[in-house]
Amino acid sequence: MSTEASVIQEATTAVEQTGGIAALGINGKLFLAQLINFLVVLLVFWKWIYGPIVKMLDRRTETIERGLAHTAELEERLKKVEMERAGIVAQAQAAASNLLEEARTERAARHQSAAEETKRAVASIVQEGKHRLGQEKERMIEEVRAELADIVVEATRKVLGESMDEQRSSALAEEALRTVKGV
Amino acid sequence: MISVAAEPLFSLGGFPVTNAIVNAWIVVLLFTFLGFVIRSRASLVPKGFLNFMDWAVEFLLQEMEKVTGDRARARRFAPICLSLFLLVLVSNWMGLLPGVGSIGVHPTHGGEDVLIPLFRAATSDLNFTLAIAAFSIVATHVFGILALGPVAHVSKFVKIRGIVQALKHGPMDVMVAVVEFFVGLLEIISEFAKTLSLALRLFGNVFAGEVLLTVIYSLVSLVVPLPFLFLELLVGIIQATVFAMLVLVFLKSMTEGHAGEDHAPAVGAAAH
């Protein structure tokens with residue numbers, strides 16, 4: 001206890017001898033000098049270190065944000081283009097499908113009309129053929145009839161010894177022909 | 001024997017140049033050189049050391065933002081808080097460099113050979129710690145006035161308006177207002193206490209570290225001091241952080257209304 005008291009006493013004496021606060025080294029000039037030192041560091045740090053770095057950080061952030069915004073804008077535009085492309089493709093597909101359908105319909109119509117025309121042509125050809133055949137048949141019958149009449153006249157002439165006159169022989173031929181027609 | 005006060009080496013036109021102020025000048029030169037390098041090489045795509053500085057500033061701003069609660073205030077307070085942090089940190093660590101505190105002149109004082117070191121950590125000089133503490137507290141008031149206006153700021157300490165308003169309500173309110181008025185006066189005293197507390201905490205920790213290292217070195221010079229040296233490295237960064245963080249908290253509480261005032265003493269008490 002006495003040691004503690006003597007230490008305190010010594011400290012007190014020392015402080016008193018050195019002028020109180022001066023024992024801790026407090027000195028107005030030094031205080032001011034240290035304050036100026038700090039102010040210089042503060043200024044240097046503020047203007048030369050912190051300022052440029054923060055400016056760079058801001059610029060970098062701005063650049064990144066601008067890049068991201070640009071990317072988003074591009075993505076948006078890409079989406080729009082993609083949608084437009086899909087729309088155009090869908091439109092083209094629809095148009096192609098319509099064209100195909102129209103072509104099919106037209107082809108079917110043409111096919112049908114061609115078939116009908118062919119049918120009509122065939123029918124007309126058949127008709128004409130029939131008509132020609134009929135005419136030919138008529139002509140042939142006429143020829144056969146004429147030839148048969150001649151044959152009958154000749155035969156009759158041969159049988160009767162050429163005694164019959166021309167008027168009688170024609171009448172006979174006519175008779176023979178009627179018989180043939182009746183057959 | 002280590003002197004509590006920084007030892008004067010020589011006089012420059014009546015100005016006592018102490019070993020602590022020599023260290024402070026070295027730190028100032030170091031910062032000026034660093035600032036010159038960074039200013040001339042700052043670019044959008046930094047490399048090497050500048051990259052590290054970018055990261056450090058960004059990281060410290062984020063940490064400050066956790067205290068201030070918003071980016072704008074963190075950026076406004078950053079120059080003061082970061083320069084305090086870096087200055088204290090570099091000064092603390094410079095005191096651990098070989099030669100600091102051990103290389104010096106040996107004048108004879110009272111028949112005894114006394115060592116006066118050429119270099120001494122600037123933070124182990126009370127003039128330095130008191131200067132930066134006083135500046136910080138003044139800065140908190142300047143920021144407070146700028147943020148709230150002079151009337152609102154002074155009303156935090158001189159609460160006359162409360163008494164005038166309480167007169168309309170009744171004697172009980174007047175009593176409370178009078179008590180608050182005296183609390184306001186106590187707040188003024190606490191501002192001085194804050195300054196002293198900031199200065200003495202930093203000075204005490206760094207000076208104690210120096211004494212500890214000197215004692216250890218005088219006992220065993222090899223290997224044994226190493227853990228203590230690492231401890232002092234840690235103390236250096238912790239004290240720098242505590243100082244800067246406290247100033248940040250004071251700045252925050254001064255720029256806020258009455259609601260934010262009670263945080264500062266709690267953090268201040270925790271730092272002790």
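Fair warning: this is a prediction, and the values are worked out from it, not measured in the lab. Here is how names work: the chains are called A, B, and so on, in the same order as the sequence lines, proteins then strands, and each is numbered from 1.
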### Query
Given a strict heavy-atom distance threshold of 4.5 Å, which part of B:Leu50 is in contact with chain A: side chain, backbone, both, or neither?
neither
### Task
Give the intermediate values and the outcome of side chain to side chain contact (heavy atoms under 4.5 Å, CB included) for residues B:Phe15 and A:Leu30.
CA-CA 8 Å; B:Phe15 176 76; A:Leu30 286 172; 4.0 Å; yes
### Task
Give, for atom OG1 of B:Thr32 and atom CG of A:Leu43, the distance between the pair rounded to the nearest 0.5 Å.
10.5 Å
### Message
Is it the case that over 12 heavy atoms from other parts of the model lie below 6.0 angstrom from the CZ atom of A:Arg107?
### Response
no
### Message
Tell me which of these, B:Pro8, B:Ala78, B:Ala6, has more heavy-atom pairs under 4.5 Å with chain A than the rest.
### Response
B:Ala78
### Task
Keeping the roles fixed (side chain from A:Lys47, backbone from B:Arg39), state whether a donor-acceptor pair exists under 3.5 Å.
no
### Query
So how far is it from B:Leu12 CG to A:Lys29 NZ, rounded to the nearest 0.5 Å?
11.0 Å
#### Entry: Under 4.5 Å from any heavy atom of chain B - which part of A:Leu39
side chain
### Query
Taking atom CG of B:Leu61 and atom CD1 of A:Ile53, what is their separation to the nearest 0.5 Å?
10.0 Å
### Message
For the NE2 atom on A:His111, are there more than 12 heavy atoms of other groups (residues, nucleotides or ligands in this structure) within a distance under 6.0 Å?
### Response
no
### Task
To the nearest 0.5 angstrom, please state how far the CD1 atom of B:Ile21 sits from the CD1 atom of A:Ile36.
8.5 Å
### Task
Would you give the length of the straight line joining atom CG of B:Leu82 to atom CH2 of A:Trp46, rounded to the nearest 0.5 angstrom?
11.5 Å
### Query
Counting only heavy atoms not in B:Trp25, do more than 12 sit closer than 6.0 Å to its CH2 atom?
yes
### Task
Run the numbers on B:Ile38 and A:Trp48 for side chain to side chain contact (heavy atoms under 4.5 Å, CB included), then give the verdict.
CA-CA 7 Å; B:Ile38 288 175; A:Trp48 289 5; over 6 Å; no
### Message
Are there over 12 heavy-atom neighbours, none belonging to B:Arg71, within less than 6.0 Å of that residue's CZ?
### Response
yes
### Message
Applying side chain to side chain contact (heavy atoms under 4.5 Å, CB included) to B:Phe135 and A:Gln34, what does each step give before you reach the verdict?
### Response
CA-CA 11 Å; B:Phe135 174 85; A:Gln34 295 286 27; over 6 Å; no
### Query
Does any N or O in the side chain of A:Tyr50 come within less than 3.5 Å of the main-chain N or O of B:Arg75, such that one atom is a donor and the other an acceptor?
yes
### Query
Would you find more than 12 non-hydrogen atoms of other residues, nucleotides or ligands less than 6.0 Å from A:Glu143 atom CD?
yes
### Query
Is it true that a side-chain atom of B:Asn127 and a backbone atom of A:Gly25 form a donor plus acceptor pair closer than 3.5 Å?
yes
## Note on the structure
Heavy-atom closest pair (B:Ala131 atom, A:Leu35 atom, distance to 0.1 Å) is O-CD1, 3.5 Å
### Query
From B:Leu126 CG over to A:Leu24 CG, what is the distance, rounded to the nearest 0.5 angstrom?
6.0 Å
### Query
Among A:Thr63, A:Val54, A:Ile49, who wins on heavy-atom pairs under 4.5 Å with chain B?
A:Ile49
## Note on the structure
Cut-off 4.5 Å, heavy atoms of chain B, and the answer for A:Leu42 is both
### Message
For a quick test of reading the model, state the closest non-hydrogen atom pair linking B:Gly35 to A:Val44 and the distance between them.
### Response
CA-CG1, 4.3 Å
### Task
Could you look at A:Phe45 and say if it's the side chain, the backbone, both or neither that has a heavy atom under 4.5 Å from chain B?
side chain
### Summary
Whatever's closer than 4.5 Å to a heavy atom in chain B on A:Phe38 counts as both
### Task
Please check if atom CD in A:Glu117 has more than 12 non-hydrogen atoms from other residues, nucleotides or ligands closer than 6.0 Å.
no
### Query
By a 4.5 Å heavy-atom criterion (distance strictly below it), what part of B:Leu30 contacts chain A: side chain, backbone, both, or neither?
neither
